[in-house]
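One structure below.
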Amino acid sequence: MQCTDTQWPQSWSTWERDNWRTFLKAPFMTWDNAWYNAPCLFWPGKVSKPVKVDGSKVQSVLFVGTTLDAATPFEGSLEARRRFPHGALLAEVGQTTHANSLNGNECVDNAIADYLATGKLPKRKAGDKPDATCDALPQPDPTAASLQAKSLRADSSVTVREPLYPVHH
């Protein structure tokens, strides 16, 4: 259980301050994640001693992190990179959700596929920064589907079926 992984802040004012700070950089999911983790403020279980991670003996690892994910802040990706000196970090700049692949971002998908097929990592850069970057895909436009549906409804030759679930405007 994540509430026992480490000692969480004991005051709501600390949570509020930290989440507002995160929200200013990465607003998507900041408060959803805060409410998800809120039980940890009052969790009665004993806190574990954090595991010390030393990746110096790991010869190859590719980390993929996104720069605007409030649930897994990019600072954690940089910390993982520091702990694995033979690894590399690929940053998806401007992405707001967890780092993942096979979502249509060819830059990310190809880098991961290349690593899995050949073991080739991006060249490690000096300093506390990603070793390679990919731009995030544009965020979806929630109004686009609504406009398309209205356009189709205006065309009497096209039959538009209503969605199974109501769409609120």
Side-chain angles (χ1 to χ4, degrees), residues 1-9 14-41 43 45 47-145 147-148:
M1 174 63 180
Q2 67 192 28
C3 291
T4 60
D5 287 345
T6 190
Q7 182 62 59
W8 288 73
T14 302
W15 284 58
E16 187 175 28
R17 181 200 67 219
D18 291 349
N19 279 287
W20 276 116
R21 185 179 300 142
T22 299
F23 180 82
L24 292 175
K25 287 193 273 184
F28 182 72
M29 296 296 292
T30 297
W31 289 105
D32 293 44
N33 194 57
W35 307 138
Y36 175 80
N37 291 299
C40 297
L41 180 61
W43 201 259
V47 174
S48 304
K49 182 178 178 186
V51 175
K52 183 173 173 74
V53 176
D54 175 3
S56 63
K57 294 180 182 174
V58 176
Q59 293 305 305
S60 177
V61 63
L62 176 63
F63 294 102
V64 182
T66 61
T67 60
L68 298 178
D69 181 4
T72 57
F74 191 66
E75 292 79 10
S77 298
L78 293 171
E79 179 62 31
R81 180 185 179 270
R82 285 191 290 274
R83 293 180 186 214
F84 289 80
H86 306 293
L89 171 60
L90 171 65
E92 191 173 5
V93 179
Q95 180 54 274
T96 60
T97 60
H98 297 329
N100 52 41
S101 62
L102 303 177
N103 283 329
N105 189 328
E106 288 186 31
C107 179
V108 173
D109 294 346
N110 290 342
I112 294 170
D114 189 38
Y115 173 69
L116 293 174
T118 68
K120 181 182 174 194
L121 288 170
K123 183 175 168 52
R124 187 147 171 131
K125 294 182 178 177
D128 195 27
K129 58 188 169 190
D131 303 297
T133 60
C134 293
D135 290 332
L137 296 176
Q139 292 294 316
D141 179 359
T143 62
L147 291 174
Q148 182 183 22

R81 side chain to G87 backbone, donor-acceptor under 3.5 Å: no
Centroid-centroid distance, W31 to W20, less than 6.0 Å: yes
Under 3.5 Å donor-acceptor, T67 side chain and G94 backbone: yes
Side chains of H86 and L121 in contact at under 4.5 Å (non-hydrogen atoms): no
Distance, nearest 0.5 Å, that separates CG of L24 from OG1 of T30: 9.0 Å
Distance in Å, E92 CD paired with N103 CG, rounded so as to fall on 0.5 Å steps: 8.5 Å
Identified side chain to side chain contact (heavy atoms under 4.5 Å, CB included) partner of L90 from the options C134, S77, P130: C134
L89 side, atom CG; R82 side, atom CZ - distance, nearest 0.5 Å: 10.5 Å
Intermediate values then yes/no, side chain to side chain contact (heavy atoms under 4.5 Å, CB included), T97 and T66: CA-CA 7 Å; T97 60; T66 61; 5.7 Å; no
E79/E75 under side chain to side chain contact (heavy atoms under 4.5 Å, CB included): CA gap, chis, key distance, verdict: CA-CA 6 Å; E79 179 62 31; E75 292 79 10; over 6 Å; no
Donor-acceptor contact below 3.5 Å, side chain W8 vs main chain Q2: yes
Polar side-chain atom of N37 near backbone of N33 as donor-acceptor pair, under 3.5 Å: yes
